[in-house]
Structure formats: structure tokens, C-alpha cells
*Asks:* 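Once you've had a glance at the structure underneath, I'll fire off some questions.
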Amino acid sequence: METKYIFITGGVASSLGKGIISASLGKLLQARGYRITIQKFDPYINIDPGTLNPYEHGECYVTADGMETDLDLGHYERFTGIETTRDNSVTTGRIYLSVIERERRGDYLGKTIQVVPHITDEIKRRILLNASKQPLDFVITEIGGTIGDIESQPFLEAIRQLRWELGPQRALNVHLTYVPYLAAAGELKTKPTQTSVKQLQGLGIQPEVLVLRTEHELSEDLKAKVAHFCNVDVAAVIQSQDLPSIYEVPVNMQRQGLDDIILKKLGITPGIVPELGPWHDFLERRKNATKIISIALVGKYNLQDAYKSIIESLAHAGTYNDRRVKAVFVNSEELNKANVAEKLSDMQGIVICPGFGQRGIEGKIVAAEYGRTHDVPTFGICLGMQMMVIEFARNVLGYSDANSSEMDSGTPHNVIDMMEEQKTITQKGGTMRLGSYECELKEQSRAWKAYNGPSSIKERHRHRYEFNDGYRSDFEQNGMQCTGINPATGLVEIVEVPTHRWYIGTQFHPEYSSTVLHPHPLFLSFIKACIDGTAEA
């Protein structure tokens, strides 16, 4: 079968959930046995979101091959279990950079470089790229932003051209819009959706399927009205109502026949509807997990998208431990020795979150000390692991001035130091230790047991600074063991205090690898330790 292309666009407002719809559709097609991938095209001019503040764009997700990407790629991987790559994430910045570099080399033979055809041709090439490298039945392409954004127009023009070139049996558009409810009038309003579709039509794109985001049930009459004014089949108007969990969206989409409709419009006989057995088992277990455990997220970014993958990984692990995890944000800038007990004493576990820079690190160090001295299960990730190391150096090894050279370049005890290969780098974007690297585990360590006993694992990284190996013997002689080591570089990947109930720090980011059907073993082990310490255990 020739590869077929599904384009997901959005209108009326941002943050409607295009990424969740894309991931859900991918899951449904995958369940039917199709080979799929999902890619995100973002209209901002940054080369990637790696240099963006999380308040601007949420967390930066990292692929196994080391690309810093939009957080929606995390949804794609969590729903489908497919590893994305740098080819699944494209920005306007990457498109223009590629075209400009080609122009500087003289590849265009003196032609005037224009948005059409040069930029749109590069966008089309990128859309088709994944299917040129591997056999795929479906490529789902999510276009970031909202219809009407000036920066989205080259992407929409590229889609228009591709739909014409591929034909109606190989390409279609799913348009996600918002149907607001006006409480004063007691009515749902379809005019914003009509306007959004007219804008899309004005660009030469007729959507074949509409997904209407709503907080209220949509009547059949309202859906028929939308279909009539938007030139869409009534059956192809799907509602995406608020649900208790994003993981219920694929089931809701399947119930309304979204995948059936798309297959038929692309000339494919749908066949038997897949049962989604393991997915339903997960949802049932999640529904029945009524006992709550509270986990403190100690970090400096007070928005859930900044720690999206961590929150979802905790939720996965909670479900498989038959618990509902309540992630409680604790602002590390406001945390100190005077209030740490008040903030953390009711928590069953502590996650010391990743990040960069000086702001809020002393609060993370205080949290690490509290977790260690009160035997509260504590999980430090990347910078969080480094703060656990600094705390141990200050309060156990007696190096009261211990620090990271990132925070204090003059510290006499730089227990965290810049990686040697990073010292000559001046650019910030895409220059860290990124992507998946091997880690050898110490046998019988808690980490080794969590992973169920392999000698070697691979995990994803995003950092510049590392555990200073010159202090390793000091730490190990005093109770903090280095139980995960990169075999190629000797880089310390995991530290733990084995006498503690659960006290582990990882230089890598395990949250990037947790999926709905395959929760990450470290998060499973961490949550189990949190439960074992409660009265209900």
C-alpha cells in the first residue's frame, strides 16, 4: 500500500489538544495493524525548543537520537510506543536554515529564493521524509499553531500542494476546532468553527473530518448544522468532549468511528474494529485505583507542562501499582530549612525535578536533605540528581562549600563539573549531551533490581554538567554508591544510598521512556517504595 498522509490542523484557539488527537488516531490505526508515525511541524522560528523557557512552550522533550523537540512528541510516544526521531520534529527555523544554507552553497544556481516554491518545497520534502526512510502505511502530520497565524501559512500552502499532488485517496485533512458554550445564553456556538473552516477553505484546503472540542455534549442537530455550513459529511463531525483522562480519548474517538471514517475516505475497507484490550485494561485499572498517594514535585516552574513527562510517568507507575498519584508542586525558590517539614511532611515521596541555572537550587538541596534524613523515597532527575550529590557532599562528606561549577565557577569542591567536551562550546542550542546512551548497572543495586536485573540499559540525556569522578571514592566510602556508569566515558549515570528506603538520582531522564503500556521501571519501583511506607500498604 502506498503511504497515506493525514494532516491535523487547528482553529479558533490554541491548546485544544491537536497532539492528543494525533496520538489517539495513531494509536487506533496502529491497533489495526498499520505501520504509522506521527510528526509535528511547528511554525516558530527557533531551530528547536531547546532554548525556550518552559513558561513559553512547556517541557522540552528529547528523542532517542538526540533531538530537542516539542512536548507533543512525548504524547506520540506514550500512546503508540513508537520511538520518534529528529525527522518527526520540524520548525520554521529548521526549514529556513536548510534553504538558506543551500542558497549560500549556490545550489539554487542564482535563482531568487521565495517562500513559494522554495520554502514550501522544503516543507513538503520534510513531510515525505519519514516514509522515504522506512515502510509506512500512514504518516500523521500535526501542524502547530492556529489557522489565521501568519507564520503557519507556508505550512498550509505546502499541505494544499501535497493534497493536490497525492490525490484524495492518499491525503486528507482533519481540522480541530472549538465550540464555546455561552453560559449567559445557555447555548453552544458554532460560528467560530464555521469561520475557522472558511479560513481554511480560503487557503484552498477543504477538511474531510472535523473534530469539535467542547465542554458540553453536542446534539445531533448541532453537528448536522456544522456539517452543512462546512461542507463535511455529518458522520465526519466528531466531538471531543472533556474527559477524566487524556488516555480515554482514543476510546472516545474509536466509539465515534474516527478511524473508520478516515479509512473509508482514503479508499480502505476498515474491517473489524480492534478491541484495544491492553488499553482498556489500563483504563480499568486506572479507574479502580482510588487510593491516593501524594508526591512532591520540587522545581521552579509552576506549570504542569514544564514537567509533563514526569507527571505522566508517575501516573503510569501509579496505575500499575493500583494507586492514583497526586503530584503536588513545591516551589524550590520558596523552600528552606524553616518550612521544609511543613511542605513535605505529608508527602509519600519526593521528586527533585530537572532544570538549568541557579534559581531555586538551594530549595532542591534542602528537599534532598529532608528526603535523605527522614527516609522519604526520593527521586532526583538530572539537575535533581546533581542537587542530591551536592547535599550529600555538604552534609555527609563535610564539604560545606561543595557546589556545581554551573552555579559557582570558583567552588573549591566542584562535585558537579562541566563535561570535558562541553568546555569549548559557546552555542547553547543543541550542544548538550543529548539522546540515548548506554549505562552499565551495578549488580544487586536498587537500580539493577528496578530494571529487573539487566547488566546494561539505554536512557536519554539532556545535560552539560556531570558528577565529578575525582570525588567518587569519597562518596562511595561514605554511603552514596555510583550504581550506573556509562561504559564509554566513565560518566556516573546513577547514584543511590542503599541504606535508605529509596534514594536514587539519575543523570539521565527516565521520564522520556515511559509509555502507557510499558511504564518505566524506575518510576514503578519508586512508587512501590512510596506505597510500602504508608499505613495503607
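Any value given below was found using the heavy atoms of this structure, including those in side chains, with hydrogens, waters and symmetry copies removed.
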*Asks:* Taking Trp279 for its side chain and Pro250 for its backbone only, find out whether a donor-acceptor pair lies under 3.5 Å.
*Replies:* no
*Asks:* Take Ser24 and Gln254 through the side chain to side chain contact (heavy atoms under 4.5 Å, CB included) test and state the conclusion after the steps.
*Replies:* CA-CA 9 Å; Ser24 299; Gln254 185 188 59; over 6 Å; no
*Asks:* Check whether any side-chain heavy atom of Phe467 sits under 4.5 Å from a side-chain heavy atom of Val389, and report yes or no.
*Replies:*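 Yes, close enough: below the 4.5 Å cut-off.
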*Asks:* Is the backbone of Gly470 close enough, under 3.5 Å, to the side chain of Asn468 for a donor and an acceptor to pair up by distance?
*Replies:*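 Present.
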*Asks:* Considering residues, nucleotides and ligands other than Gln444, do more than 12 of their heavy atoms fall under 6.0 Å from its CD?
*Replies:* yes
*Asks:* Give a yes or no answer on whether the side chain of His374 reaches the backbone of Val376 with a donor-acceptor pair at less than 3.5 Å.
*Replies:* no
*Asks:* Is there a donor-acceptor pair under 3.5 Å between the side chain of Asn288 and the backbone N or O of Glu284?
*Replies:* yes
*Asks:* Would you say the side-chain atoms of Thr483 and Glu496 include a donor-acceptor pair closer than 3.5 Å?
*Replies:*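 Thr483 vs Glu496: donor-acceptor pair found between side chains.
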*Asks:* Is the backbone of Leu129 close enough, under 3.5 Å, to the side chain of Ser132 for a donor and an acceptor to pair up by distance?
*Replies:*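 Checked: pair present.
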*Asks:* Please tell me whether Ser405 and Asp417 have a donor and an acceptor in their side chains that are separated by less than 3.5 angstrom.
*Replies:*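 Ser405 vs Asp417: donor-acceptor pair found between side chains.
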*Asks:* Would you mind reporting whether Gln507 and Cys382 have side-chain heavy atoms less than 4.5 Å apart?
*Replies:*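 Yes, side chains in contact.
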*Asks:* Going by side-chain contact (heavy atoms from CB on, under 4.5 Å), name the residues that satisfy it together with Glu248, two or more places apart in sequence or in a different chain.
*Replies:*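 Result, side-chain contact (heavy atoms from CB on, under 4.5 Å) vs Glu248: Leu243, Pro244, Ser245, Leu283.
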*Asks:* Does a donor on one side chain sit under 3.5 Å from an acceptor on the other, for Thr37 and Asn88?
*Replies:*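 Note: Thr37 and Asn88 side chains meet the donor-acceptor criterion.
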*Asks:* Verify side chain to side chain donor-acceptor pair (under 3.5 Å) between Trp502 and Thr378, making sure each step is shown before the conclusion.
*Replies:* CA-CA 6 Å; Trp502 207 100; Thr378 304; over 6 Å; no
*Asks:* Can you confirm whether Ile350 sits close enough to Ile352 that some side-chain heavy atom of one is under 4.5 Å from a side-chain heavy atom of the other?
*Replies:* yes
*Asks:* If you look at every heavy atom in Phe526 and Pro377, which pair is closest and at what distance?
*Replies:*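 Residues Phe526 and Pro377, closest heavy atoms: CE1-O, 3.5 Å.
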*Asks:* Can Thr506 and Glu459 be counted as having a side-chain donor-acceptor contact under 3.5 angstrom?
*Replies:*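 There is no such pair (donor and acceptor under 3.5 Å, judged by atom type) between the side chains of Thr506 and Glu459.
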*Asks:* Does the Lys300 side chain pair with the main chain of Phe356, one donor and one acceptor, at a distance under 3.5 Å?
*Replies:* yes
*Asks:* Checking Ile6 against Leu25 for the side chain to side chain contact (heavy atoms under 4.5 Å, CB included) test, could you report, in this order, the C-alpha distance in whole Å, the side-chain angles of both residues, the deciding distance, and whether it holds?
*Replies:* CA-CA 10 Å; Ile6 300 167; Leu25 178 57; 3.9 Å; yes
*Asks:* Check this for me, if you would: do Arg462 and Glu511 make a salt bridge, where the nitrogen-to-carboxylate-oxygen distance has to be below 4.0 angstrom?
*Replies:* no
*Asks:* State plainly whether the residues Asp48 and Arg94 are in salt-bridge range, i.e. N to O under 4.0 Å.
*Replies:* no
*Asks:* Can you tell whether the side chains of Asp242 and Arg213 come within less than 4.0 Å, N to carboxylate O?
*Replies:* yes
*Asks:* With a 4.0 Å cut-off, would you call Glu312 and Arg78 a salt bridge?
*Replies:*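 No salt bridge links Glu312 with Arg78.
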*Asks:* Describe, in one word, how the ring planes of His463 and His461 are oriented to each other, choosing from parallel (under 30°), tilted (30 to 60°) and perpendicular (over 60°).
*Replies:*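 Rings of His463 and His461: tilted, as their planes differ by 30° to 60°.
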*Asks:* Under 4.0 Å between a Lys/Arg side-chain N and an Asp/Glu carboxylate O for Asp260 and Arg32?
*Replies:* yes
*Asks:* Side chains of Val351 and Ile310, heavy atoms from C-beta outward: is any pair under 4.5 Å?
*Replies:*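 A side-chain contact under 4.5 Å exists here.
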*Asks:* Of all the heavy-atom pairs spanning Ala529 and Arg501, show the shortest one and how long it is.
*Replies:* O-NH1, 3.0 Å
*Asks:* Considering residues at least two apart in sequence or located in another chain, which fulfil the side-chain contact (heavy atoms from CB on, under 4.5 Å) criterion with Pro454?
*Replies:* Leu441, Tyr451, Ile457
*Asks:* Just by distance, do the side chain of Gln386 and the backbone of Tyr465 share a donor-acceptor pair under 3.5 Å?
*Replies:*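 Yes.
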*Asks:* Without hydrogens or angle criteria, can the side chains of Asn130 and Gln39 be said to hold a donor-acceptor pair below 3.5 Å?
*Replies:* yes
*Asks:* Quick one: does Arg323's side chain have a donor or acceptor within less than 3.5 Å of a partner on Lys528's backbone?
*Replies:*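 The answer is no, because no donor-acceptor pair under 3.5 Å joins these two groups.
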*Asks:* Do any pairs count as a ring pair (Phe, Tyr, Trp, His ring centres under 6.0 Å) and have a residue in residues 317-347, sequence neighbours left out, and if so which ones?
*Replies:* Phe282-Tyr320
*Asks:* Count the heavy atoms belonging to other residues, nucleotides or ligands that lie under 6.0 Å from NE2 of His518, then report whether that count exceeds 12.
*Replies:*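 At most 12 heavy atoms, drawn from other residues, nucleotides or ligands, come within 6.0 Å of this atom.
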*Asks:* Would you please classify the geometry between the Phe523 ring and the Phe379 ring as parallel, tilted or perpendicular, with 30° and 60° separating the classes?
*Replies:*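 Tilted, since the angle between the ring planes falls between 30° and 60°.
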*Asks:* Got a second to check how far Glu59's CD is from His509's NE2, nearest 0.5 Å?
*Replies:* 9.5 Å
*Asks:* Minimum heavy-atom separation for Ala402 to Ala393, with atom names?
*Replies:*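 Taking every non-hydrogen atom into account, CB-CB, 3.6 Å.
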*Asks:* Does this structure show an ion pair linking Asp281 with Arg285, if we count only N-O contacts that are shorter than 4.0 Å?
*Replies:* no
*Asks:* Between Glu142 and Lys40, does any side-chain N to carboxylate O distance fall below 4.0 Å?
*Replies:* yes
*Asks:* Does the pair Tyr247 and His75 meet the rule for a ring-ring contact (aromatic ring centres under 6.0 Å, His included), with working shown?
*Replies:* CA-CA 10 Å; Tyr247 302 118; His75 292 311; 8.2 Å; no
*Asks:* Would you compute the distance between atom CD of Glu362 and atom NZ of Lys337 and round it to the nearest 0.5 angstrom?
*Replies:*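 That separation rounds to 9.5 Å.
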*Asks:* Which atoms form the tightest heavy-atom contact between Ser294 and Val328, and what is the distance?
*Replies:* CB-CG2, 4.4 Å
*Asks:* Sequence neighbours left out, what pairs pass ring pair (Phe, Tyr, Trp, His ring centres under 6.0 Å) with at least one residue falling in residues 382-401?
*Replies:* Phe392-Phe475, Tyr399-His413, Tyr399-Tyr471
*Asks:* Walk me through it: do Arg433 and Glu493 pass the test salt bridge (Lys or Arg N to Asp or Glu O under 4.0 Å)?
*Replies:* CA-CA 12 Å; Arg433 180 179 175 85; Glu493 302 273 20; 3.8 Å; yes
*Asks:* Work out which heavy atom in His520 is nearest to a heavy atom in Ser513; give both atom names and the distance.
*Replies:* CD2-CB, 3.9 Å
*Asks:* So, Thr84 and Glu77: side-chain donor and acceptor under 3.5 Å apart, yes or no?
*Replies:* yes
*Asks:* Using the side-chain contact (heavy atoms from CB on, under 4.5 Å) criterion, which residues pair with Asn403? Sequence neighbours excluded.
*Replies:* Ile361, Ile390, Arg394, Met407, Asp408, Thr411
*Asks:* So, using side-chain contact (heavy atoms from CB on, under 4.5 Å) as the criterion, who are the partners of Asn452 when residues are at least two apart?
*Replies:* none
*Asks:* Consider only side-chain N and O atoms of Ser456 and Glu438, and report whether a donor and an acceptor are under 3.5 Å apart.
*Replies:* yes
*Asks:* Would you call Arg372-Glu391 a salt bridge at under 4.0 Å N-O?
*Replies:* yes
*Asks:* Would you say Asn339's side chain and Leu335's backbone share a donor-acceptor pair under 3.5 angstrom?
*Replies:* no
*Asks:* Of all the heavy-atom pairs spanning Pro412 and Asp401, show the shortest one and how long it is.
*Replies:* CG-OD2, 2.9 Å
*Asks:* Measure from the side-chain N and O atoms of Ser332 to the backbone N and O of Gly360, and report whether any donor-acceptor pair falls under 3.5 Å.
*Replies:*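 Confirmed, Ser332 side chain pairs with Gly360 backbone.
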*Asks:* Just checking Tyr512 against Tyr61, ring centres under 6.0 Å apart?
*Replies:* yes
